[in-house]
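These numbers come from a predicted model, not from an experiment. Both counts, for ligands and for their atoms, begin at 1 and track the order of listing.
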Amino acid sequence: MKKLTAVLLTVLLAASFMISCGGGKIDIGIAMPETHVERWVKDGNQLKLEAETLGYKAAVQWANADQAIQNQQIQSFLTQGAKALIIGNISEGVGAAVTTAKQDGAVVIAYDRIIQGTHNYEYFITFNNYKVGTLQGQSIVDGLNLASATAASPRYITLFAGSPTDANANFFFQGAMDVLLPYINSRALVVVGPAPKHYTDSAFQQIATENWMPEVAKRRMEALLIGDARNVTLDAILAPNDTLARALLEACKADAKYQGSLPIVTGQDAEFDSALSIKNGEQYSTVFKDTAKLAEAAVLLADQLIKGETVDIPGTVLATGDLEAIGFTGTGNVKTLLLDPILVTKNNINVPVNAGFYSDAQAEQLK
Ligand code: BGC
C-alpha cells in the first residue's frame, strides 16, 4: 500500500510538474502577436477552439508585440511535441524559430501576416490585404465626394500606416494609395504632413506606426494638429485599423477646430468599439474581415497538412497573378490562400452583426 501511494505520488508530482512547466503534449501550437489589438485575442481563442473541435490538443500564447518572447513561445510548443504551428508573427525575427520548427519536422502556417525572410514553410493564409487598402481608399473617395473636388477647392487628408515590420501594412497602404493617387496628382486631394506615394518611399517610415501602438499614432496626430495641419482643416485621415482610428479620433476631438465635425476616418477589423463609433457617426468606415472564418480555414489547413492530404480549403482562393505579390517573402513565394474583406460604413453595419461577429449584448447595441 505504502509503495503504491509512493508510486502514485511520484506520478502525480511528475504530472503537475509537466503542467506547471506547460509541458503537456500538444499537437498544434498557436502563436499570436499581441493583445492590444482586440482581434488577436479573438483569433487565438477561436483557433484553439477550432483545433479542439477537430480533435487536436492545442495551446495558444500571445507575445506582447515582442518577437523574442514569441520565439520562446514557439520553442516551447516544439518542446511539447507540436506537429503544426499557426503563427501571427511580429517581425522577420521569427525566422530563427521557423528554422527550428522545420528541423523538427513541424508544419508552419503564417497566419494573417506573412513570415518574411524565408519561404521554407508550408502556407500563408490571410485576407486580400491589397483589397483591404483599396476599400479604405474607396471609402475616402466616396465619403469626401472626391469626384466633385478640384484643385481650386481641394480636400485635405493626412496619412497613417501600420507597423513597419508588418508586410500587411505595406499592402493596406498601397491599396489605398492606388485609389487616392489620381486625386492627389490632380491636386483635388492634398496630403498634409509626410506624403509617401508608395510604401518603399522613405516618407513611409514617417507615417508608419511602430507595432501598431495607438499611443504612438495619437502622439503623432497631436503634433500634426499643432504643426503641419495647423492652418488647414483636415477632411480625412487614412487610418490603417480601428485601434489606430479611435486613437486618431481622440486626438481630433481634443482640438477645438474639430468639435462637431470630425474628419472622415477609415479603419479595419470591425472592432466593436469602432462599429459603435460608426453607428454614432464618428468613425466613418471599417473593413470587416471575418476572422472566425480565417481561424476555421487555418485549422483545416493544418489538419490537411498534418495528415498529408491534398489542400482544399473552402472560402479561400490561391493567390495567383497580381495577387501573388501578397505571398512574396523577400526570398521567394510561399503558397498563399486569401479570404475576402468587406467595406463597412453606417449603411451596412448589419453585415458583421449578421455574421455573428459580436456577442448578443454587443449586437443589441448596434441595432
Ligand atoms: C492585421 C490587422 C490588425 C493589425 C494590427 C495586421 O497584420 O491584418 O487586422 O489590425 O495587424 O494588429
Side-chain angles (χ1 to χ4, degrees), residues 30-47 62-67 69-70 86-94 109-116 124-136 160-176 199 207-218 238-248 265-275 277 283 285-295 297-298 316 319 326-327 329 336-344 352 355 357:
I30 301 158
M32 296 287 103
E34 64 213 21
T35 53
H36 72 269
V37 174
E38 179 189 283
R39 64 157 290 183
W40 296 110
V41 178
K42 273 190 176 180
D43 281 87
N45 292 329
Q46 191 69 28
L47 281 161
W62 288 266
N64 198 23
D66 183 331
Q67 193 58 60
I69 293 179
Q70 186 173 68
I86 299 178
I87 306 174
N89 74 96
I90 296 123
S91 75
E92 206 173 314
V94 73
I109 297 171
Y111 180 82
D112 191 84
R113 297 176 173 177
I114 196 166
I115 293 170
Q116 290 181 293
F124 173 33
I125 186 162
T126 189
F127 289 83
N128 181 339
N129 296 314
Y130 180 77
K131 184 170 172 189
V132 169
T134 63
L135 294 175
Q136 292 172 337
F160 280 76
S163 178
T165 60
D166 178 355
N168 285 352
N170 303 342
F171 286 101
F172 301 149
F173 178 72
Q174 210 53 52
Y199 73 88
I207 67 155
T209 309
E210 196 64 38
N211 283 330
W212 297 91
M213 299 299 276
E215 51 275 27
V216 172
K218 189 176 177 191
L238 176 67
N241 79 351
D242 287 347
T243 306
L244 301 189
R246 292 195 307 276
L248 299 172
V265 180
T266 59
Q268 163 175 206
D269 293 334
E271 286 186 0
F272 173 69
D273 288 346
S274 283
S277 169
Q283 190 174 323
S285 67
T286 184
V287 176
F288 171 48
K289 304 190 297 186
D290 197 337
T291 47
K293 290 211 172 114
L294 181 66
T316 67
I326 294 180
T329 67
T336 298
L337 296 172
L338 302 175
L339 283 81
D340 209 29
I342 301 170
L343 181 67
V344 170
F357 198 60

Self-check item: Closest approach of any protein heavy atom to atom 4 (C) of ligand 1, naming residue and atom
Solution: W212 CE2, 3.5 Å
Practice problem: Enumerate the atoms of ligand 1 whose separation from the nearest heavy atom of K289 is less than 4.0 angstrom. | Solution: 1 (C), 2 (C), 8 (O), 9 (O)
Quiz item: Touching ligand 1 at all, W40? Heavy atoms, strictly under 4.0 Å?
Solution: yes
Practice problem: Return yes if a side-chain donor-acceptor contact under 3.5 Å exists between N128 and D340, otherwise no. | Solution: no
Quiz prompt | Residue R113 vicinity, atoms of ligand 1 by number, heavy atom under 4.0 Å | solution = 4 (C), 5 (C), 6 (C), 7 (O), 11 (O), 12 (O)
Quiz item: At the 4.0 Å heavy-atom cut-off, does E34 count as touching ligand 1?
Solution: yes
Practice problem: Run the numbers for me: atoms of ligand 1, each under 4.0 Å from some heavy atom of V37, listed by number. | Solution: 5 (C), 10 (O), 12 (O)
Practice problem: Could you label the plane-to-plane angle of the F357 and F288 rings as parallel, tilted or perpendicular, counting under 30° as parallel and over 60° as perpendicular? | Solution: perpendicular
Quiz item: Do NZ/NE/NH1/NH2 and the carboxylate oxygens of R113 and E34 come within less than 4.0 Å?
Solution: yes
Self-check item: Heteroatom proximity flag, D166 to ligand 1, N/O under 3.5 Å
Solution: yes
Quiz item: Which of the atoms in ligand 1, numbered in the order shown and given with their element, are less than 4.0 Å from a heavy-atom of F172?
Solution: 8 (O)
Self-check item: Nearest candidate to atom 9 (O) of ligand 1, where distance is taken over non-hydrogen atoms, out of D269, N129, D112
Solution: D269
Self-check item: Qualifying residues under side-chain contact (heavy atoms from CB on, under 4.5 Å), relative to S163, sequence neighbours excluded
Solution: T165, D166, N211, W212
